[in-house]
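Ligands are counted one by one from 1 in listed order, and the atoms in each one are counted from 1 as well.
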Amino acid sequence: MTSTIYLLNGPNLNLLGTREPEIYGHDTLADVEARARTRASVHGYDLVFRQSNHEGEIVSWIQEARENGAALIINPAAFTHTSVAILDALKMLEVPIIELHLSNPHRREPFRHHSYVSLAATAVIAGLGAKGYGVAVDAAAELLG
Ligand code: CA2
């Protein structure tokens, strides 16, 4: 039985904290990783934290999580709204999936209102900014019991 939570991040999130702070806040990806790691260790879980700008790489990591993960948290960034490939990969998981967003896409442009990922997600956390990363790990631990 694995005790690893995967937390995957999609395109452009490597630049978090460098622009649009009114939408995404001032924290960097390293800052949100630190938050997530703290919460994972409190709950006794290991955390695999990754970011990619490449759809296929994220698909491969989801397949890896299928073998090695107790739960998957994913901020798919723009792929949320475009990627059937990521949806198909997520559908093969049998563990809790939490879709995570810094902003609340539903109060933004109409093209952000549809999420392919939500069709496979157990839960969605959005609009809490960087705090959402810690909340998502807490929620994953709660779902795992
Ligand atoms: O709110 C979120 O977390 C999003 O997943 C972020 C995506 C956006 O396409 C989704 O609709 C909602 C965009 C990520 C852009 O990353 C940044 C890059 C530089 C500075 C700030 C964010």
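Set against the non-hydrogen atoms of H81, the atoms of ligand 1 under 4.0 Å away are 10 (C), 11 (O). Less than 4.0 angstrom separates some heavy atom of L102 from each of these atoms of ligand 1: 1 (O), 2 (C), 3 (O). Atoms of ligand 1 found under 4.0 Å from any heavy atom of A78 (numbered from 1 in listed order, with element): 9 (O).
With a heavy-atom cut-off of 4.0 Å, R112 touches ligand 1 through its side chain alone. With a 4.0 Å cut-off on non-hydrogen atoms, L100 does not touch ligand 1 at all.
Some N or O of N75 is nearer than 3.5 Å to an N or O of ligand 1, by distance alone.
Of all non-hydrogen atoms in A36 and L7, the two that sit nearest each other are CB-CD1, 3.7 Å.
In terms of protein heavy atoms, atom 7 (C) of ligand 1 is closest to A77 CA, 3.6 Å. Nearest protein neighbour of atom 22 (C) of ligand 1, counting heavy atoms only, is Y24 CD1, 3.3 Å. R19 O, 3.3 Å is the protein heavy atom nearest to atom 20 (C) of ligand 1. Nearest protein heavy-atom neighbour of atom 14 (C) of ligand 1: L13 CD2, 3.8 Å. Of the protein's heavy atoms, N12 O, 3.4 Å lies nearest to atom 16 (O) of ligand 1.
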